[in-house]
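Here's the structure, in structure tokens; my notes come after.
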Amino acid sequence: MIKLLSHLSHVEITTPDVAASVAFYEEQVGLRTIHTEDGKHYLRAWGDYYTHSLVISEGPETTLAVMAWRTSSDDALDEAVRRIEAAGHAGSWTEKSFGHGRSYTFTGPYGHTMELYWDVEKYKGEGEFASAYPDRPERRSRHAVAPRQLDHVTVASSDVKGFAQWYGDVLGFRAMAFTELDEAPLTVFGVITTNEKSHDLGIVYDGSSRAGRVNHYAYWVDTREELLQAADVLMENGTDMEYGPSIHGIGEQSFLYFRDPSGMRVEVNTGGYRNYVPDWEPYDWKPSQGSNNFYRNGSMPMSMTESFPPADGPSATEEGVHPDTLADIINPYAKQGRG
């Protein structure tokens with residue numbers, strides 16, 4: 001089987017107030033608007049190799065409109081489409097969009113929309129944006145937060161392992177780890193990847209009846225010191241930390257979470273392992289092992305169980321389950337030291 005997907009390329013989110021969200025990402029996070037067209041704003045981090053990694057468009061709710069992935073070749077794009085359609089989830093072709101060539105968009109069995117493409121416009125900064133490093137697409141930002149590049153997206157699904165299985169069988173994602181509750185055989189979190197990272201796609205358990213929701217997406221900074229500086233600068237400028245800084249047991253990344261003006265959750269992370277093992281077997285973590293907060297010295301806020309858009313039932317995130325999801329499960333994450 002040929003390698004189908006290379007990596008996550010960009011995400012598109014919707015918000016009722018585009019201007020407020022764009023201003024937030026520019027002023028607070030340190031992204032830069034590169035293009036505006038048909039009501040869509042295209043933003044980039046300084047280390048993004050392509051034109052953009054975030055698209056913000058108007059919508060009545062806060063949603064993940066699409067997650068876009070670059071394939072490993074043009075032939076891999078055609079093969080991926082063949083597999084998707086053989087699995088019963090036919091989509092549609094678009095000849096060209098800003099920043100990339102022909103693409104295929106489909107909605108998977110759990111309601112999430114993906115766009116796949118091969119041909120892209122590679123970004124190279126000029127003038128004041130040119131870097132002294134020939135391999136860098138742009139000079140390092142002067143902004144105090146300014147993540148380097150897009151890292152991953154975490155969606156919500158009614159069946160964490162079912163989601164991982166479908167995307168593994170059809171598109172070649174590798175399952176890297178799962179979390180199962182100490183109290184019951186319920187898988188509440190999983191990570192899958194297209195490459196050597198611990199994950200570029202996460203899955204949290206969703207107890208609602210609304211398909212296609214998202215929990216968060218994440219940007220990458222180079223060092224833990226930069227992550228701590230980001231938390232400090234964001235807090236000093238009026239952006240509260242929802243959770244962190246701390247370190248995940250799964251993936252071993254340092255993290256922090258905050259919200260944009262629409263309520264969308266954004267993570268900044270760094271560190272983590274690289275895994276090249278072709279026959280890797282995913283481990284089922286328990287929350288008591290520190291799958292979410294490896295230090296096990298603080299409780300995860302229940303706000304982290306919120307996914308987007310709002311729905312008629314609760315979701316979970318990473319190693320947390322809202323008490324209403326299953327009446328007979330006590331939430332262990334409001335207790336000190338449970339991870």
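Count residues from 1 along the sequence.
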Do you know which two heavy atoms are closest between [X] and [Y], and how far apart they sit?
{"X": "Ala68", "Y": "Tyr117", "answer": "CB-CE2, 3.8 Å"}
{"X": "Leu31", "Y": "Pro147", "answer": "CD2-CG, 4.1 Å"}
{"X": "Val55", "Y": "Lys40", "answer": "CG1-CB, 4.0 Å"}

Aromatic Phe178 / basic Lys161 pairing, under 6.0 angstrom, 45° off normal:
yes

Is Arg259 close enough and on-axis enough to Tyr257, meaning under 6.0 Å and within 45°, for cation-pi?
no

I'd like to know whether the aromatic ring centres of Phe163 and His112 sit less than 6.0 Å apart in this structure.
yes

Between Tyr42 and Phe98, is the ring centre distance below 6.0 Å?
yes

[X] side chain to [Y] side chain, donor-acceptor N/O pair below 3.5 angstrom:
{"X": "Glu242", "Y": "Ser303", "answer": "yes"}
{"X": "Asp206", "Y": "Ser158", "answer": "no"}
{"X": "Thr14", "Y": "Glu61", "answer": "no"}
{"X": "Ser6", "Y": "Arg70", "answer": "no"}
{"X": "Ser254", "Y": "Thr270", "answer": "no"}

Any idea how Phe106 and Trp166 line up, ring-wise: parallel (<30°), tilted (30 to 60°), or perpendicular (>60°)?
tilted

Name the orientation class of the two ring planes belonging to Phe255 and His248 (parallel below 30°, tilted from 30 to 60°, perpendicular beyond 60°).
parallel

Quick test of your reading: applying side-chain hydrogen bond (donor to acceptor under 3.5 Å, both in side chains), list the pairs with at least one residue in residues 23-33, sequence neighbours left out, ordered by first then second residue.
Tyr25-Tyr217, Tyr25-Asp260, Glu26-Thr33, Gln28-Thr239, Arg32-Tyr123, Arg32-Glu138

Just by modelled atom types, is the Ala76 backbone N or O under 3.5 Å from a matching donor or acceptor in the Ser73 side chain?
yes

Walk me through whether Val191 and Ile250 qualify under side-chain contact (heavy atoms from CB on, under 4.5 Å).
CA-CA 8 Å; Val191 286; Ile250 287 184; 3.9 Å; yes

Would you say that Trp46 contacts Arg148 through its side chain, given a criterion of any heavy-atom pair below 4.5 Å between the two side chains?
yes

Pick out which of Tyr50, Trp69, Trp220, Tyr49 makes a ring pair (Phe, Tyr, Trp, His ring centres under 6.0 Å) with His7.
Tyr50

Please determine which of Arg213, His216, Met264 meets the side-chain contact (heavy atoms from CB on, under 4.5 Å) test together with Phe308.
Met264

